[in-house]
**Student:** 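Structure provided below as structure tokens; questions to follow.
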Amino acid sequence: MKTINIRKMKVGSILSAFLMVFSFSCADLEEEPGETIISPEALTSVETLSVLVTGMYRTVQNDARWSDFYIAGFGGDDITTHSAVNKVGFREADWRSQTSLSERINRAWDAPYSMIAIANSAINAVPNIVVSEDQQEFFDRIVGEAYFMRAFAYLHLTRTYGEVVINLEVNSLEERQLSSIEEVYQQVESDLLQAEALLPDVYPGLAAVGVRPSKGAAKGFLARLYMHWAGFPVNDTSKYALAATKAKEVIDGPYGYSLAPSMREMWTVANRFNHDEGVFTLAFCDELCDIGNRASGRLGFPADAGGWSEIFGEIAFFEDMEADAMAQGTMARFEDTYILEVIPRRDRPDASDWRNFSNEPHPILRKVGGGDMAEVSLVVNSTNTPINRYFMRYADVLLTYAEAAGRSGNVTADAWEALNMVRRRAAGLDPNSPDASIDLTSGDLAELAFTERKWELAGEYERWHDLVRMDRVAEAFANRSPDERVDVVNSKTPSATGPSVYYTPIPQSELNLQPGLAN
């Protein structure tokens with residue numbers, strides 16, 4: 001694998017950024033143009049190690065702010081894109097017809113390896129650092145973050161591309177080959193177990209949980225890893241029990257997570273930190289540091305509403321969710337997922353409903369466009385918003401526990417309660433108060449939880465990965481609406497067969513450097 005360089009960073013700027021992250025603003029990290037590899041030998045103090053690890057968050061912010069970081073997620077039946085203009089890369093992801101030359105497939109490859117390079121420098125430097133007794137707790141936390149972020153990066157890589165390259169060294173020029181998905185899972189597991197041992201229960205100095213990883217986040221991502229390990233393509237079903245165990249440890253642990261009273265407020269600017277649902281959250285800012293979320297705001301609206309038409313909801317998914325919500329009494333969540341209010345464009349006062357849009361009639365995802373209608377007038381005019389990106393929410397953990405418990409054959413009252421907490425909030429009720437009108441106590445718990453994930457995580461780029469691990473891609477594609485404009489205009493529909501159905505091809509730019517990576 002090619003050596004990925006870390007740009008030489010100004011220490012003063014990074015130290016300032018370290019403080020800024022604690023106050024929920026963005027890491028104000030400046031980079032000098034000369035590319036310099038930071039060797040572990042150059043890292044000899046806890047302070048310099050902390051500066052390096054903090055730099056990983058700038059890397060994440062710089063790349064996870066763009067929608068192509070989540071390119072695989074466009075294959076899900078919840079998300080689609082524009083039928084024309086410059087969205088061909090997203091369309092090919094939506095149709096699962098990508099090739100190594102497809103547009104927009106590079107970021108999800110390059111960005112994780114940049115994170116991995118920084119993490120490798122930090123982890124390899126550990127033996128060189130002299131740690132005083134009063135620094136031990138801080139040192140452990142920093143090293144734990146490096147392990148966590150390396151695991152996060154490899155999990156994102158393998159969920160996107162399948163077989164990828166594992167490199168744990170610094171400045172290595174050794175030619176490397178693709179590792180199997182199971183080998184990548186093993187590496188992710190090893191790193192997350194290290195992170196779990198080193199990270200604190202609650203990250204200190206933050207006013208809300210999730211902005212930096214904690215022990216609970218490591219456990220939560222272990223649960224996610226085991227769900228994938230148990231499913232397609234490895235199919236080691238023994239991992240379901242491990243997924244249930246780790247998710248339950250998050251639920252029972254002293255990690256400070258809870259369901260927000262309203263799902264909608266989490267995607268607002270004003271209330272994005274007034275809850276404790278984020279297990280691992282990427283916080284953005286706009287005016288303060290100009291590192292905003294570029295996969296939100298205007299990108300989620302069609303031209304009729306003044307938008308840039310990049311991320312839409314799929315029609316069949318919208319209609320199915322509405323029907324299910326009416327039958328189940330969960331309309332509150334449906335209305336928190338889609339913007340149904342009138343959003344007329346100034347020159348099109350009649351364009352108040354997505355079905356009446358003349359350009360790209362599609363449902364508008366509130367998680368993209370913004371949660372609070374009082375803010376939409378500001379958000380819709382911006383492609384650089386401070387709306388949070390939740391890599392994992394507590395609702396995800398609860399539903400992982402319920403599904404894993406069901407699939408491992410260990411159905412308990414606690415597992416039903418985990419499912420019902422999410423359902424109560426979806427119905428607009430107190431998630432912590434049992435309610436016979438919404439609670440479920442019988443049926444196939446695993447399938448009920450899997451379906452609940454479908455609705456709860458809609459528009460968060462997770463649905464595709466759930467479809468892959470359960471090998472239900474063909475089933476989802478068969479339910480595609482005949483009115484999807486991206487299909488109608490291009491006379492093309494998603495395909496459940498072919499070389500790039502489940503995983504995005506490795507970018508050609510990487511294959512040119514490493515021909516041995518070609519399958």
**Student:** So do the side chains of V60 and L282 get within less than 4.5 Å of each other, counting heavy atoms only?
**Tutor:** yes

**Student:** Report the distance from atom CG of L157 to atom CH2 of W109, rounding to the nearest 0.5 Å.
**Tutor:** 6.5 Å

**Student:** Have Y161 and S500 got a donor and an acceptor in their side chains that come within less than 3.5 Å?
**Tutor:**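 Judged by distance alone, the side chains do not pair up.
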
**Student:** When you look at N293 and N384, which way does the side-chain hydrogen bond (donor to acceptor under 3.5 Å, both in side chains) test go after all the steps?
**Tutor:** CA-CA 5 Å; N293 185 346; N384 195 46; over 6 Å; no

**Student:** Would you check if the side chain of S262 reaches a backbone N or O of R264 as a donor-acceptor pair within less than 3.5 Å?
**Tutor:**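 Such a contact is found between S262 side chain and R264 backbone.
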
**Student:** Judged by atom type as modelled, is there a donor-acceptor pair below 3.5 Å linking the side chain of W267 to the main-chain atoms of M263?
**Tutor:** no

**Student:** State whether a side-chain donor-acceptor pair under 3.5 Å links E403 with Y240.
**Tutor:**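 Side-chain D/A pair, E403 to Y240: absent.
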
**Student:** Working to the nearest 0.5 Å, report the span between CZ of R472 and CZ of F477.
**Tutor:** 15.0 Å

**Student:** Would you say the ring centers of F152 and F280 fall short of 6.0 Å from each other?
**Tutor:** yes

**Student:** So, Y257 side chain and A217 main chain: donor-acceptor pair closer than 3.5 Å or not?
**Tutor:** yes

**Student:** Is any NZ, NE, NH1 or NH2 atom of the basic residue among D430 and R424 found under 4.0 Å from an Asp or Glu carboxylate oxygen of the other?
**Tutor:**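 Between R424 and D430 there is no salt bridge, as every charged N stays at least 4.0 Å from the carboxylate O atoms.
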
**Student:** Would a 4.5 Å heavy-atom cut-off, applied to side chains only, mark R224 and L155 as touching?
**Tutor:**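 Yes, close enough: below the 4.5 Å cut-off.
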
**Student:** For T504 and Q98, test the side chains for any donor-to-acceptor distance below 3.5 angstrom and give the result as yes or no.
**Tutor:**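 Short answer, yes.
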
**Student:** Should E460 and R393 count as an ion pair when the cut-off is N to O under 4.0 Å?
**Tutor:**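 Here E460 pairs with R393 in a salt bridge, since their nearest N and O are under 4.0 Å apart.
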
**Student:** What pair of heavy atoms forms the shortest contact from G459 to D78, and how long is it?
**Tutor:** N-OD2, 2.9 Å

**Student:** For Y338 and E322, what are the C-alpha separation, side-chain angles and deciding distance, and is it a side-chain hydrogen bond (donor to acceptor under 3.5 Å, both in side chains)?
**Tutor:** CA-CA 10 Å; Y338 297 99; E322 183 177 34; over 6 Å; no

**Student:** Is it true that D68 and R107 make a salt bridge, defined as a side-chain N closer than 4.0 Å to a carboxylate O?
**Tutor:**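 Counted as a salt bridge, because a side-chain N and a carboxylate O are separated by less than 4.0 Å.
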
**Student:** Could you give the distance from CD (E462) to CG (L467), rounded to the nearest 0.5 Å?
**Tutor:** 11.0 Å

**Student:** Under a 4.5 Å cut-off applied to non-hydrogen side-chain atoms, are Y255 and V209 in contact?
**Tutor:** no

**Student:** Any non-hydrogen side-chain atom of N432 less than 4.5 Å from a side-chain atom of M421?
**Tutor:**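 Counting from C-beta outward, N432 and M421 do come under 4.5 Å.
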
**Student:** So, F301 versus F312, ring centres under 6.0 angstrom or not?
**Tutor:** no

**Student:** Ignoring hydrogens and angles, state whether a donor on the side chain of S296 or T385 is under 3.5 Å from an acceptor on the partner side chain.
**Tutor:** yes

**Student:** Do we see a donor-acceptor contact under 3.5 Å between the side chains of N479 and D77?
**Tutor:**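 Their side chains do not contain a donor-acceptor pair, so the 3.5 Å distance test is not met.
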
**Student:** Counting distance only, does the side-chain N/O of N420 pair as donor-acceptor with the main-chain N or O of R423 below 3.5 Å?
**Tutor:** no

**Student:** Provide the closest heavy-atom pair for V411 versus G406 in the form atom of the first, atom of the second, distance.
**Tutor:** CG2-CA, 4.0 Å

**Student:** Under the 3.5 angstrom rule, does the side chain of S214 hit a backbone N or O of G210 as a donor-acceptor pair?
**Tutor:**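 Answer holds: no.
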
**Student:** Can you check ring-ring contact (aromatic ring centres under 6.0 Å, His included) on F148 and F221, steps first, answer last?
**Tutor:** CA-CA 9 Å; F148 178 90; F221 274 81; 5.3 Å; yes

**Student:** Under a 4.5 Å cut-off applied to non-hydrogen side-chain atoms, are R333 and E452 in contact?
**Tutor:** yes

**Student:** Taking atom types as modelled and ignoring hydrogens, do the side chains of T80 and D94 form a donor-acceptor contact shorter than 3.5 angstrom?
**Tutor:** yes

**Student:** Sequence neighbours left out, what passes ring-ring contact (aromatic ring centres under 6.0 Å, His included) with H275? Give chain and number order.
**Tutor:**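 H275 satisfies ring-ring contact (aromatic ring centres under 6.0 Å, His included) with Y390 once adjacent residues are dropped.
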
**Student:** Does any donor atom in the side chain of E92 or S97 lie under 3.5 Å from an acceptor atom in the other side chain?
**Tutor:**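 Side-chain D/A pair, E92 to S97: absent.
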
**Student:** Starting at CD of Q328, measure out to CH2 of W455 and round the result to the nearest 0.5 Å.
**Tutor:** 10.0 Å

**Student:** Going from CG on L222 to OG1 on T400, what distance comes out if it is rounded to the nearest 0.5 angstrom?
**Tutor:**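 So the CG of L222 and the OG1 of T400 are separated by 12.0 Å.
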
**Student:** Before we go on, tell me: are the rings of Y70 and W464 under 6.0 Å apart, centre to centre?
**Tutor:** no

**Student:** For I116 and R150, which heavy atoms make the closest approach, and how far apart are they?
**Tutor:**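 Result for this residue pair: CG1-CG, 4.2 Å.
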
**Student:** State whether R480 and D487 are salt-bridged, where the test is any N-O pair (Lys NZ or Arg NE/NH1/NH2 against Asp/Glu carboxylate O) under 4.0 Å.
**Tutor:**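 Yes, charged N to carboxylate O under 4.0 Å.
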
**Student:** Looking only at non-hydrogen atoms, find the nearest pair between G256 and D276 and report the distance.
**Tutor:**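 Taking G256 first and D276 second, the nearest heavy atoms are O-CB, 3.2 Å.
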
**Student:** List the residues meeting salt bridge (Lys or Arg N to Asp or Glu O under 4.0 Å) with E319, not counting sequence neighbours, and say none if there are none.
**Tutor:**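 Salt bridge (Lys or Arg N to Asp or Glu O under 4.0 Å) check on E319 returns nothing, list empty.
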
**Student:** Identify whether the distance between the nearest side-chain nitrogen and carboxylate oxygen of R425 and E456 falls below 4.0 Å.
**Tutor:**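 Salt bridge present between R425 and E456.
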
**Student:** If we only count heavy atoms from C-beta on, is the Y461 to F69 side-chain gap below 4.5 Å?
**Tutor:** no

**Student:** How far apart are the C-alpha atoms of E484 and R91, what are their side-chain angles, what is the distance that settles it, and do they pass the salt bridge (Lys or Arg N to Asp or Glu O under 4.0 Å) test?
**Tutor:** CA-CA 12 Å; E484 279 297 340; R91 289 196 293 276; over 6 Å; no

**Student:** Between the side chains of T412 and D414, is a donor N or O closer than 3.5 angstrom to an acceptor N or O?
**Tutor:** no

**Student:** Where is the tightest heavy-atom contact between V202 and P254, given as atom of each residue plus distance?
**Tutor:** CG2-O, 3.5 Å

**Student:** May I ask you to decide if T99's main-chain N or O and S102's side chain share a donor-acceptor pair within less than 3.5 Å?
**Tutor:** yes

**Student:** Could you tell me if the side chain of R463 sits less than 4.5 Å from the side chain of L457, heavy atoms only?
**Tutor:**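 Contact flag for L457/R463 side chains = no.
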
**Student:** Pairing donors with acceptors under 3.5 angstrom, does anything connect the side chains of E360 and S83?
**Tutor:**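 Per modelled atom types, E360 and S83 side chains form a pair under 3.5 Å.
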
**Student:** Looking at S408 and A404, would you say the former's side chain and the latter's main chain have a donor-acceptor pair under 3.5 Å?
**Tutor:**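 Yes, the answer is positive, given that a donor and an acceptor are paired below the 3.5 Å cut-off.
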
**Student:** Output all residues satisfying ring-ring contact (aromatic ring centres under 6.0 Å, His included) with Y503, sequence neighbours left out; order by chain, then residue number.
**Tutor:** none

**Student:** Would you say Q61 and I291 make side-chain contact, with heavy atoms under 4.5 Å?
**Tutor:**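 Answer yes - side chains close enough.
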
**Student:** Measure up the F318 and F334 rings against each other and bin them: parallel (under 30°), tilted (30 to 60°), perpendicular (over 60°).
**Tutor:** tilted

**Student:** Would you kindly say whether H362 and R485 are connected by a side-chain donor-acceptor distance under 3.5 Å?
**Tutor:**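 No.
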
**Student:** Would you say the ring centers of Y502 and F232 fall short of 6.0 Å from each other?
**Tutor:** yes

**Student:** Do you know which two heavy atoms are closest between H465 and A72, and how far apart they sit?
**Tutor:** CE1-CB, 4.1 Å

**Student:** Carefully, step by step, assess V488 and D483 under the rule side chain to side chain contact (heavy atoms under 4.5 Å, CB included).
**Tutor:** CA-CA 7 Å; V488 173; D483 298 324; 5.8 Å; no

**Student:** Take S437 and D435, measure what side-chain hydrogen bond (donor to acceptor under 3.5 Å, both in side chains) needs, and give me the verdict at the end.
**Tutor:** CA-CA 5 Å; S437 68; D435 192 303; 2.4 Å; yes

**Student:** Where do D396 and R453 land on the salt bridge (Lys or Arg N to Asp or Glu O under 4.0 Å) test, with the steps shown first?
**Tutor:** CA-CA 7 Å; D396 187 339; R453 289 177 60 84; 2.7 Å; yes

**Student:** Rounded to the nearest 0.5 Å, what's the gap from CG on D63 to CZ on R65? Could you check?
**Tutor:** 9.5 Å

